[in-house]
Number of protein chains: 2
Amino acid sequence: MTSSQAVQCEQTMRALRHASLVVNSKWKLPLLVALLTGTRHFRGLERSVAGISTKMLAKELKELEAQHLISRTVYPGPPVVVEYQALPYAQSLNPVIEVLKAWGMQHEQHVEALKAVSMA
Amino acid sequence: MTSSQAVQCEQTMRALRHASLVVNSKWKLPLLVALLTGTRHFRGLERSVAGISTKMLAKELKELEAQHLISRTVYPGPPVVVEYQALPYAQSLNPVIEVLKAWGMQHEQHVEALKAVSMA
DNA sequence: CTGGATCCGGAAAGATACTG
DNA sequence: CAGTATCTTTCCGGATCCAG
């Protein structure tokens, strides 16, 4: 390995660490996908992100808000309505989501293929 | 939201869940970056992936091997040498790594900019 | 010395019941 | 509806220990 490769490698890892603050979470990207598809309410998000618990939903929404990726708006009622919305900056994650979606789909196929071989 | 959007959204989440098996880990991508840069030994990986413990390194290596992303070869010694190597399939993650690197770098800038504004 | 496995304590994730 | 409180379980990191 050349020294320029080592420098490249370290830069990549530094960038990955920063990206992981958002990406390296079980729920944040699915949540953002739901929010980028439209404005949602707490219950709606809970339904559209399969498997998430109310506790994790509340926590992840708070974190995404702190990261300026989504906004939380309260419309005083009655009835009180709380609306979560993806901020424009969240759109910058679209390429990331696309690539992960593509890789995830092909990886599912890859795993299926391996399973078929191992059973043969 | 149209129903085709809903279908698209579910497909995306399904793909993200599969991708997250590999990507959604603190150490797997950094480890793969190190391994894609060259064949490495246990201690070398421990050094090049900043902050990882021997326990997590051993665990993540096992998982990556089970996922057919890397290979583990033992050359009986003495001294015994164990060599970890990225399998060809691991190269399919290169686009994922690239896009995450790009987003991570720009996100670091974005966060810096926000910090500067908040201090002004 | 390298390549791990094991034990322990704190932190985070999950399930779910409950509240305004 | 929009969460919080509580309890359980699982995960992570550090230190230590062991085999070749």
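Note on naming: letters A, B, ... go to the chains in the order of the sequence lines (proteins, then strands), and numbering restarts at 1 for each one. Values reported hereafter were calculated over all heavy atoms of this structure, with side chains retained and with hydrogens, waters and symmetry mates removed. Values in this document were obtained by computation on a predicted structure and should not be read as measured data.
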key: Over all atoms of both residues, closest heavy-atom pair of E46(B) and S53(B)   = OE2-C, 4.5 Å
message = Measuring from atom CG of N24(B) to atom CG of L16(B), what distance do you get when rounded to the nearest 0.5 angstrom?
response = 10.0 Å
Listed partners of H107(B) passing ring pair (Phe, Tyr, Trp, His ring centres under 6.0 Å), at least two apart = Y89(A), W103(B)
key: Sequence neighbours excluded - side chain to side chain donor-acceptor pair (under 3.5 Å) pairs with any residue from residues 64-73 of chain B   = R72(B)-Y84(B)
query = At under 4.0 Å, does any side-chain N or O of Y84(A) touch on OP1 or OP2 of dG3(D)?
reply = yes
task = Starting from P on dG3(D), measure out to CG on L57(A) and report it in whole angstrom.
result = 9 Å
query = Quick one: do K59(A) and E63(A) make a salt bridge, cutoff under 4.0 Å?
reply = yes
ask   = Nearest-Å distance, CZ (R40(A)) to P (dC1(D))?
value = 14 Å
query = How does each nucleotide of nucleotides 9-20 of chain C score, in 5' to 3' order, for protein heavy atoms under 4.0 Å: base (B), sugar-phosphate only (S), or none (-)?
reply = ----BBBBB---
key: Distance, rounded to the nearest Å, where K62(B) contributes NZ and dC12(D) contributes P   = 14 Å
ask   = Out of dG3(C), dA2(D), dT4(D), which has the shortest distance to the side chain of A58(A)?
value = dT4(D)
key: Separation of atom CG in L45(A) from atom C1' in dA2(D), rounded to whole Å   = 12 Å
query = Are L45(B) and L61(B) side-chain neighbours, meaning at least one heavy-atom pair lies under 4.5 Å?
reply = yes
remark   = To the nearest angstrom, the CD-P distance between E83(B) and dG4(C) comes to 12 Å
inquiry  = When you measure from the side-chain N and O atoms of R72(B) to the phosphate of dG4(C), is any distance below 4.0 Å, counting only OP1 and OP2?
reply    = yes
